[in-house]
Amino acid sequence: MIIHHPLLGPRDASEFVYLGDASLMNRPNPKSETAADDFYSYQYLRDNPMGEHRELWYHEQGDRSWLVVTRNTLTHDITKVELARDVARAQK
Amino acid sequence: MGYSAFRILKEAITGHKGWKPVWHKAEPLPEYDIVIVGGGGHGLATAHYLASKFDQKRIAVLEKGWIGGGNVGRNTTIIRSNYMLHENEAFYEFSLKLWEGLEQDVNYNAMVSQRGVLNLYHTDPQRDAYIRRGNAMLLNGADAQLLTAEGVRKMYPFLNFDDARFPIRGGLLQPRGGTVRHDAVAWGYAHAADKRGVDIIENCEVTGFDIKEGRCHGVQTTRGRIGAKKVGVAVAGNSGRVMAMAGMRLPIESHVLQAFVSEGLKPLLDGVITYGAGHFYVSQSDKGGLVFGGDIDGYNSYAQRGNLPVVEDVCEGGMSVMPMIGKARMLRMWGGIMDMSMDGSPIIDKTHIDGLYFNGGWCYGGFKATPASGYSFAHLLATDSYHETAKAYRLDRFARGYMIDEKGQGAQPNLH
């Protein structure tokens, strides 16, 4: 798989470390009344879809940036690559 | 009629005209007592034990493709019970005992071959860890022997003993471990279940569950609705997708694991070897091919095929421990989809929906677990209580903080 890094261009996926679903960027509020349940869901439960999946890849053998990659889990086609920091800022 | 030496002789002199299909192609009935979703090894084993050990009637197994086309035909055929944690070791030892009696039980030759599984160690700390694991195995009634480098050299003189970086210092041997012809496991369980009246329905994909007021009354399929008092799901690889139809999210990610076979070679490896300094395991099939594998690719996938970096990594492992493998050509490679759970251990449990039961999360250890998984799941489906060796495999153990994490990796599925 080739990941088109927004800053560095096409890079082989073996340069990256995979973390998992991009929803891991959205930490629950620890002060919420439902914090225990929220953190359980956050830490352990996954949508695990067949098809389009937004996921976190870390460019360990490169510029050490976190990317949000939109990839199809059935075909391995990558349709979108964003810097995780841009995604996080856009959410604020 | 069953299989026997006499039968083979009789068929040989009568032109092999009496062999019948191993199981019937059943048409779905509108209603069953128990419906098993997934006609893989675990689903078929569950149906067999439900019918033979728990005296259940009116059972159907629904398979979206064909029997033997999923992970039961894609693994590297290894059986063993060399775990450290009690929750796992008791279960896998139960499984190994069932393997030992499998062929008589299902009246089918599955080529169960207890040729020994050897885990190599390369450092002193690794030796200490293997001693600890070997003792845990012995405490659970399994067999384990610690070998020195000389002991390993007597068995496999061709290994790379004097490597500068990862010298082989010895190994942990489980003589009762070995290999089983994986397709024959599916066929054997299908044969035995079919003989006891289980309907095995192929090309029948489940498309939804009939859930009303917290109770599951059956399933919707591509061949119409099928009612059931109890529904057991055993679809590892696709668990997340299937249970989502019942509104559940699971502590599971689906990942692809690749396996490989070399061209056919003369007999050179009579057991199973695993490398201790990388992830590589190898055995030789009766056809002569070296069957080997390594790590999962490490990203969510349902593709049943992997990528080249892992191929390279696995072959490097092979070259490192067994340099002569470099003279053989790789013949085939393929992928299977694993339920990678959050602690590396499986789940066999009821769900919050009455009448809906779940079996999955086998990571890449599902094949060796097939008999015990089927037995424990049948136990749960028939009696609504947990089998004594599978009590810990609960769906809520993550919320309760009772993980069964053999490697201590934490909630990161691609590291298990």
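These numbers come from the heavy atoms of this one structure, side chains and all, not from hydrogens, waters or symmetry mates. Protein chains get the first letters and strands the later ones, always in sequence-line order, with residue 1 at the start of each.
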Where on [X] is there a heavy atom nearer than 4.5 Å to chain A: the side chain, the backbone, both, or neither?
X: I252(B); answer: both
X: M403(B); answer: side chain
X: N238(B); answer: side chain
X: P251(B); answer: both

Original post:
Under 3.5 Å, is there a donor-acceptor pair between the side chain of R249(B) and the main chain of S41(A)?
Top reply: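 No: the side chain of R249(B) does not pair with the backbone of S41(A).
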Original post:
Does any N or O in the side chain of R241(B) come within less than 3.5 Å of the main-chain N or O of N48(A), such that one atom is a donor and the other an acceptor?
Top reply: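 No, because the side chain of R241(B) does not come within donor-acceptor range (under 3.5 Å) of the backbone of N48(A).
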Rounded to the nearest 0.5 Å, what separates atom [atom1] in [X] from atom [atom2] in [Y]?
X: E253(B); Y: H53(A); atom1: CD; atom2: NE2; result: 6.5 Å
X: L74(A); Y: Y302(B); atom1: CG; atom2: OH; result: 10.0 Å
X: N300(B); Y: R46(A); atom1: CG; atom2: CZ; result: 9.0 Å
X: D396(B); Y: Y44(A); atom1: CG; atom2: OH; result: 12.5 Å

Subject >> Proximal component of D12(A), with respect to chain B [non-hydrogen, under 4.5 Å] >> reply: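 D12(A) touches chain B through side-chain heavy atoms alone.
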Original post:
Given the options G410(B), S341(B), S254(B), which has more heavy-atom pairs under 4.5 Å with chain A than any of the others?
Top reply: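 Greatest number of close heavy-atom pairs with chain A: S254(B).
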**OP:** Among P413(B), A399(B), G240(B), single out the residue with the greatest number of heavy-atom pairs under 4.5 Å to chain A.
**Re:**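 So the answer, after comparing P413(B), A399(B), G240(B), is A399(B).
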**OP:** Please report the shortest heavy-atom distance between Y18(A) and N414(B), naming the atom on each side.
**Re:**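 Heavy atoms of Y18(A) and N414(B) come nearest at O-ND2, 3.2 Å.
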Original post:
When only pairs under 4.5 Å are counted, which of E55(A), M1(A), Q43(A) shares the most heavy-atom pairs with chain B?
Top reply: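 Ranked by heavy-atom pairs under 4.5 Å with chain B, first place is M1(A).
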Counting only heavy atoms not in [X], do more than 12 fall under 6.0 Å of its [atom1]?
X: R400(B); atom1: CZ; answer: yes
X: Q91(A); atom1: CD; answer: yes
X: E52(A); atom1: CD; answer: no

